[in-house]
Structure formats: C-alpha cells, structure tokens
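Before any comments, here is the structure.
In each ligand, atom 1 is the first atom listed, and ligand 1 is the first ligand listed.
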Amino acid sequence: MNTAFIKTCLHTYVNHQTMASLQSSFTLLSSAPKPRSSRLPGRSHSSQISCSGDGGGGIDRRNILLGLGGLYGAGSSLGRQAEAAPILPPDLSTCDPTGATTTRRVGDKQEVVKLDVNCCPPFTDKQGDYKLPVFTKLRRRQSAHRLSPANLAKYKKAMAKMRELDVTDPDDPRGFTQQANIHCAYCNGPYDQVGFPGIDLQVHNSWTFFPFHRWYLYFYERILGELIGDPTFALPYWNWDNPRGMSMPLAFDDPSSPLYDEDRNQDHRRPAVVDLALNSGITDPVQLISNNLALMYKEMVSDVETAVDFLGTEYRAGDDPHAFALGGTSERGSHTGIHAWVGDPRNDLKEDMGNFYSAGRDPMFYSHHANVDRMWTIWDKIPASYSKKIDDDDFKNSSFMFYDEKKNLVRVKVSDCLDHRKLGYEYEYSDTPWINSRPPQRAVPANLKELAKGIPTADKVFPLKLVKTVKFLVPKPAKGKADEALVLENIVTDNSKLIKFDVFINDEDDKPDELDRAEYVGSFTQLPHRVKGKESVNNLRLNLREVYENINIADDDAVVITIVPLISGDAVTIGGIKIIRRRPRK
Ligand code: C2O
C-alpha cells in the first residue's frame, strides 16, 4: 500500500476542511492552522499534487518539494508565516498504541510490522498551559566526566527511584519507561498532527529538534529532582565535543549503577574513543580525535550560513515528517553520530541509542542531549555575520505536551525555552577546542585537468546506487571561489538501515579516513527509524563557501566530487547532484 499517496490525499482533504473541528482543550490556541492552499506562491503545498497520480511510487513528492524549497535556507520562506501555522501539541486522547510501525525484513521482503511497545502516555483531560516558575538560582549542569561524587550519588538515587516507579506504579508518567516513551511518541507515529489525520508528528530533522529536547530534558531533570526532594538537581552533560570527554562517561559504564544500560555497543565501552564520523576503519585515537574536532568545527561554524542551517529546516502544521537530511548541522552531525556510535549492533534496529523509539531507554541519552543542548547555547554565542534568531511565528508558537514533576499535563511553547536561563539551568564551563579546528588551507589548488582525467560527468552517473566509492565531475554556476552549495537530490534511503556516506571535493590524496582535511565537504547519516513506509527521500545541502577557501580552488567552472559509502551504501540511491548559488541571506 502506498502510504505516501494516501497521506498526500488526506492532506489535501484536510486542507479544504474548516479548521473548526480541531481538537484541543486549550483556550490559548491563538493560531489554528489555516488552509495551506492559501499560501503564497513559491512555497509548495500538497494541494498542488494530484491525487490521481502515482503518488510518487513510494516516494512522498511533497517531501521532495519541501526539501527543495528548503534548499535556500532561511531566506525563502521566513516572513511568509502569516499564511501557515505552527506545529500543535498532540491530542493525547488520540494516541495510537499501535501507531508506531516499522519495516522489518521478513524472508527477503520488507514488510510493515506492528511496533512491540505502546509508547502512549497515560491520559488525563486535565491539562493546561505551563507556567514557568521564576528561578532565582540556576541549576548547574556539570560535565559528566567531572561529576562530583555527591552529584553522582544524587543522580543514582534519583534514577533508582525513577526506575522503581516502573514497578510500583507503571502509570505514573514520571517513571523511567514512561519518560523514555515520550521520545518514541514524538518520533515514531503514535501521534497524528492535530487537524491532519494520517500525518505523523515528528519533532526530528527540523527546527523543532532543539526546543523539543530542551523541554523534554527540563521536565526529566525536574522530575528527578522531585523524586529525591532536591530542586537543585541538575543533569550531567556528556561533553563528547572535548577530547577529555570523548569516551563513555565512567558514571554510565558501571553495570551495577541504575545509570547503566546493557544495550550499548560493547566495543565502544571505555576506553574506546568516540567516533562521531562512524568510520570503523580508523583505529588511531589521535586521528579519531582530530576527525571529531574537525566535524565539530564544521557543524558549529563553517557549515552554518543561516540560523536554519544550524537549527533545522522549517516544520509547520501539516508538513510530512522530515527525512534526516533536513535536520540542522548539529542534529545531522555529532548528535546522530553519538546515537549510532552508542547503539547496540547486536540488536536489529541498533536499540537502544541507535533508534529513536528506544533511545530514551538509555540513561546516557539524557546526558548526550544535555550536551546537544549545550551546543545550542554555545553556537548562539559564536560571533557570526547572520542572525541567530528564527523570526517566524510558526517556529516560536510550535508547542508540545509534557507531564511536569507533579504529574500535571502541561503545554509548552518553543518561544518560552529560547533562553535556557529562564528554564533555571546553566552549563558548567568546558573548553571547546574545536573552535580552532578549521582544516589547514591548501597552498596550491588541485589541478582540475589532471584530476578529471577519465572521470565521468555527473549526468552519466546519476541516479546512483551507492555500492562503491564514486568520483564524477560537477559543473559550477560561477567560477572559482563563490558562495555556493552542493545539493544531493532525492537520496532515497531504506528506513530500517543505519546509513552513512561522506563527500569530498577535488581530492587528490584520496584519504577518506581523514576528515580533518580541506577536501572533506560533509556527510549524510541516517539512523534506522520506525515510521510508516519503508523509504525516505532526502535532499542534502552542504555549504561550499569556506570549503572553496580551504581547498584554495582555482578559477575552475567545475569540481570533482567523491562520494564514499561507509555504512549500508547498498540501501541508498542518490537521484542527482548539482551546485547552486546560495541566495544572499537576509
Ligand atoms: Cu530525539 Cu537524539 O534524538
């Protein structure tokens, strides 16, 4: 059954209904979705797609359009929000306990099978808007590698209590399994978007990523504090961005501790060095660390030309769930890297950390995400020539539901979490050596004529099944150093697979294990994930401005691109590739 097709049709149907029937018990619902067909031209919407067509043959065409629309970053769509609507909190009464499905190989066929966990939260119709307490003293999140014995003892005690609730009162929304299920519920399809039946609510791979997880951790931390009667309790962060933190924190690697989880990659336990690039071919810890720092520099600094580049592409009411390539640089990069690196290869779908539906079952998830959140606070302060704010009401008014530490079901908004200090916490300082990890610039540009000998042009190579390393020539819109981006179009991926490939430019040396070189452009990484449908379509955009400077590109009108599959290349087809001029940013 072609679910993409059905979704598209449903979507169109919903667009033409009045929104009066929106289910929500909130009075403060100031911005109910408006019909998408009233959007301004230039922004794709599903009612342009005919439901009598083939629906894309398993490929959601809207996703493709959305992806391409997003290629120009913030400039193209911000300011049009008057016609759109924010993501609404889910209606818990409609949570589908069997709504999360997955594709799994049965014999040699992919089939959609039911998820074996019900990740719906307990239901209550008593709900309201969350009122942030006024915090006079900030909770201080410490680096996990420097966690004081007293704070570790507190954390273990609180975790033990949270795990105990699973047994004594499984319906208590503050229990560990209930907390873990929040993540599953917001990523794996039990919730449809309010007003858009058949369209999953999915907070990842978009601008809801950082705010959702900030609120999620906020309540998790407050609940842990409540369980031990200590409102100063603060989660430790796993500072994997710093060489001193580039191994699993000791506190989580003690099998007798409530912070331990058996379902982790056993080869990656201490003292294994974190590999954000997921390149198991590298064994030299010095190279691993250098790669990690180079990756961090790229995703925090040089790959980011707009706020949306970092925070993730726009995601509005009625939008289909985004595929992995639409996440911000940090989400797609170190964030996904750690999930995959910790996930257990003994499990089919790399549970726990290696799959969204199960990630919250590993206590380390919350310290991983504390560092992801810390990256947001750090990025916010890095001087840049673009604005760090997303000035779009659909972003600011996106909202979610959580149970607070007193078991009240509350609605929270993105705009209320943009300043972490208002949420009552701060991060203990750790240095960020990656800030200086820009790769050394090449003195002499590569000789394109030499490099291109015997290499096909891109149009001969695509569509491309990524079974081996490929090299091809791609034309540039402008010669030499220019503000351009590389776009990999219609990357079709099997959702049940962990996937990773790397992209290099004008690479004479062909050292794909070394990402701390000027020629490394970026990567695509996908975690296996349980969603309706077996494939996703991704459009990946990688900014080239600083890369051109690093390789000291000559006045050429083309480049040689190398794509190196690292994990499950056979589960990837790339539709096309091109270099585009970046729109001047606002
Ligand atoms: Cu909700 Cu790290 O993912």
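With Trp376 as the partner, the ring-ring contact (aromatic ring centres under 6.0 Å, His included) test is satisfied by one option alone out of Trp207, Phe210, Phe209: Phe210. Between His204 and the choices His183, His529, His339, the ring-ring contact (aromatic ring centres under 6.0 Å, His included) rule is met once, by His183.
The number of protein N, O or S atoms lying under 2.8 Å from atom 1 (Cu) of ligand 1 is 3.
Between the Glu351 side chain and the Arg361 main chain, no donor and acceptor come within less than 3.5 Å of each other. With hydrogens and angles disregarded, a donor-acceptor distance shorter than 3.5 Å links the side chain of Trp238 to the backbone of Gly245. A donor-acceptor contact shorter than 3.5 Å links the side chain of His145 to the backbone of Ser247.
Residues satisfying the salt bridge (Lys or Arg N to Asp or Glu O under 4.0 Å) test with Lys350, not counting sequence neighbours, are none.
Contact annotation: His368 places no N, O or S atom under 2.8 Å from atom 2 (Cu) of ligand 1.
The closest approach of His335 to atom 2 (Cu) of ligand 1, by N/O/S atoms, is made by NE2.
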Run the side chain to side chain contact (heavy atoms under 4.5 Å, CB included) check on Phe219 and Asp404 step by step: do they pass?
CA-CA 6 Å; Phe219 288 111; Asp404 73 3; 3.7 Å; yes
